[in-house]
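To keep things clear, I will list the structure first and then write my remarks on it.
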Amino acid sequence: MNLHSSSELILSDFNFSNLPNLEVPNLDQLVELDLSFCTSLTCLPDIIGELKSLVKLDLRYCKKLASLPSSIGKLTCLVKLRLGDCCELASLPESIGELKSLVELDLHSCKKLASLPSSIGGLKSLVELTVRRCSKLASLPESIGELKCLKTLDLGYCSKLASLPNSIYGLESLKWLDVGDCGKLNGFPILNRRRSEVEEIASTTNKLGCLQYLNMIDCHVLEIPGSIGSWVSLTTLELHGNDFERIPASIKQLPVLTELDLSRCERLYHLPQLPSSLQVLDATDCISLTSVEGIFMQGCDDYEAVSQVFDFSNCLQLDQNSLTKIIGDARLRIERMATSLFNQQYFGEPVTVWLCIPGSEVPEWFTYKNTGGPTVKIKLPDHWHRANTTDQLFGFTLCVVVSFDPCLEYREIDIKCECHLITKDGTHSDLTFRCYKGEVCGTWEREHVFIWSIHSYRSFKEASFHFKPLNNFEESTADAVVQSGVHPLFVEDCIDEPEQPQPKSLKLMGNYILL
């Protein structure tokens, strides 16, 4: 039954039995009821509880709906209850806890909702609870810990939420927790108890051990506990805009962490060694960051065909040792990624290792460089093209140093590389590569180094690379490439004995690195 967008619908004295043309023989067979966007709907009749077979009830954008009848608890087959953007809804009836089959409860943008009933712990089948942008919600009931099947809890932008109940440890199935932009939540979720208790809970019972995604953007977190190392299922950790100064060394113990967002953590001054599984690290605008220990390195057989991004833009306080270490890590990752992809005979979507870091020079290990402009030309020695050689081109490592206009507070960072190749038989071909960071806000007062890898099986005798910054697909007049570099990646099968196949290694223009 679909009454979607019935803007004049009023159901206060409505009786479903008075509908002679209802396409079900009786109310017990009505499965779905869509009342979304019924902007004049102020309440539901008690008879709603007679819809015994109702599985889905959609009331989204019923902006005048102020309450739900207690009879809603009789909908024992209800699986989905959607109340998003019911701006006048101030409370839920206690009877909602009787919905034993409910799997999804959406309360997104119910701006007058100040609390959830304690009976919510009775929703034994609930998997997804969305309370996002409920700007008056100040707390959660302790009974929320009884939701043993809950996998997704979205509390983002609940601006008055000051704490989470200790019972959150009971959410043993929780995989996805979003408390981003809860500005009053100034502690890490597991810091609601005294520190010693927190450490004991995390280390002995490993609560929240299924958690895979945690968003705590702009929560004014002052400290991250060492027990975070026990969240061994965590893959994504978003900590943008918080106030902590350090990250505990135990973060290295997270074996599947792939994404770590530390952007605009302006008090962070040190990064410990990070786990080898990390594929994306965003440390943009960490203006106090001075030292980085590095990222634990994977073996060459452990790399998936997934791009890796390491962004230290505007980290202007990084000491020279850290800068050297970060660039060295990027180089080794590029080499190992190339070797791994070659060993896999990978021909899929483009995969890259990408790095942005403050600096004014192309690293010295780049074989070909132009210290005065955006164009690099290569002419390979003849011995690279002997008929009996086993060398194969597998791609390039590219580098540019970009000088930014310090007056611009908004820009799009997009660097285009136009490549022209000439093969040994005289064939010409043109390729285009992009280094894209996207739109950024704030001034960039110093030059930055961009390094990224591309993979290609094309051979060549001569090549030229021209780099230029773009803005909205047009060449930028405000920013300029002041240095550029290219490092061809060649792969060689190293077979010492025919009966003992050896792992392939990467040869970087004469520098052999056995991986």
Side-chain angles (χ1 to χ4, degrees), residues 156 177-183 185-191 211-229 231 234-296 307-319 321-323 325-327 329-330 333 353-359 413 437-442 444 446 448-451:
L177 175 60
D178 189 343
V179 289
D181 287 276
C182 295
L185 193 69
N186 57 8
F188 216 72
I190 60 174
L191 283 179
L211 195 66
Q212 297 176 359
Y213 173 88
L214 176 60
N215 181 349
M216 292 200 69
I217 288 175
D218 289 321
C219 287
H220 305 295
V221 174
L222 295 172
E223 181 184 8
I224 298 178
S227 54
I228 192 174
W231 293 2
L234 201 63
T235 61
T236 303
L237 180 57
E238 298 194 31
L239 297 171
H240 165 102
N242 281 292
D243 298 328
F244 51 83
E245 297 180 349
R246 295 179 64 92
I247 291 180
S250 61
I251 195 171
K252 185 176 65 173
Q253 300 168 12
L254 301 179
V256 292
L257 185 68
T258 56
E259 297 186 29
L260 177 59
D261 183 0
L262 300 171
S263 58
R264 298 194 70 83
C265 291
E266 296 183 352
R267 296 185 182 181
L268 179 67
Y269 68 86
H270 175 74
L271 272 183
Q273 192 173 67
L274 299 174
S276 62
S277 55
L278 203 62
Q279 295 169 355
V280 178
L281 171 62
D282 189 352
T284 303
D285 294 320
C286 290
I287 57 177
S288 300
L289 188 63
T290 58
S291 61
V292 175
E293 289 189 22
I295 301 172
F296 186 75
S307 291
Q308 301 185 8
V309 176
F310 302 93
D311 194 344
F312 292 89
S313 53
N314 267 347
C315 295
L316 304 182
Q317 302 301 318
L318 280 169
D319 60 36
N321 183 55
S322 295
L323 291 170
K325 191 178 299 181
I326 291 168
I327 291 176
D329 282 354
R333 278 180 175 266
V353 176
W354 186 96
L355 171 68
C356 175
I357 195 168
I413 295 180
K437 174 177 168 64
E439 298 176 348
V440 297
C441 297
W444 286 45
R446 274 180 34 192
H448 277 65
V449 176
F450 295 84
I451 298 173

Any donor-acceptor N/O pair, [X] side chain to [Y] backbone, under 3.5 Å:
X: R446; Y: L316; value: yes
X: S288; Y: L268; value: no
X: S277; Y: T258; value: no
X: T236; Y: E259; value: no

* To do: Quickly, which of D311, D243, D285 forms a salt bridge (charged side-chain N to carboxylate O under 4.0 Å, His left out) with R264? Name it, please.
  =>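 Of the listed residues D311, D243, D285, the salt bridge (charged side-chain N to carboxylate O under 4.0 Å, His left out) partner of R264 is D285.
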Nearest 0.5 angstrom please: [X] [atom1] to [Y] [atom2], how far?
X: L274; Y: L257; atom1: CG; atom2: CG; answer: 8.0 Å
X: Y213; Y: E238; atom1: OH; atom2: CD; answer: 3.5 Å
X: L271; Y: L281; atom1: CG; atom2: CG; answer: 6.5 Å
X: C265; Y: I247; atom1: SG; atom2: CD1; answer: 7.0 Å
X: M216; Y: L237; atom1: CE; atom2: CG; answer: 9.0 Å
X: D261; Y: D282; atom1: CG; atom2: CG; answer: 5.0 Å

Give the minimum heavy-atom separation between [X] and [Y], together with the two atoms involved.
X: W231; Y: L254; value: O-CD2, 3.2 Å
X: F244; Y: L262; value: CZ-CD2, 4.0 Å
X: P358; Y: N314; value: CG-N, 4.3 Å
X: S322; Y: V292; value: OG-N, 2.9 Å
X: D181; Y: C219; value: N-SG, 4.1 Å
X: F310; Y: Q279; value: CZ-O, 4.2 Å

pair [X]-[Y]: side-chain heavy atoms closer than 4.5 Å:
X: L260; Y: I251; result: yes
X: S313; Y: H448; result: yes
X: W354; Y: K437; result: yes
X: L318; Y: I326; result: yes

* **Working for side chain to side chain contact (heavy atoms under 4.5 Å, CB included), residues I224 and L239** => CA-CA 10 Å; I224 298 178; L239 297 171; 3.5 Å; yes
* To do: Could you give me the CA-CA distance, side-chain angles and deciding distance for D218 and H240, then say whether side chain to side chain contact (heavy atoms under 4.5 Å, CB included) is met?
  => CA-CA 6 Å; D218 289 321; H240 165 102; 3.8 Å; yes
* Might you work through the side chain to side chain contact (heavy atoms under 4.5 Å, CB included) test for S250 and I228, ending with a clear yes or no? => CA-CA 7 Å; S250 61; I228 192 174; 3.8 Å; yes
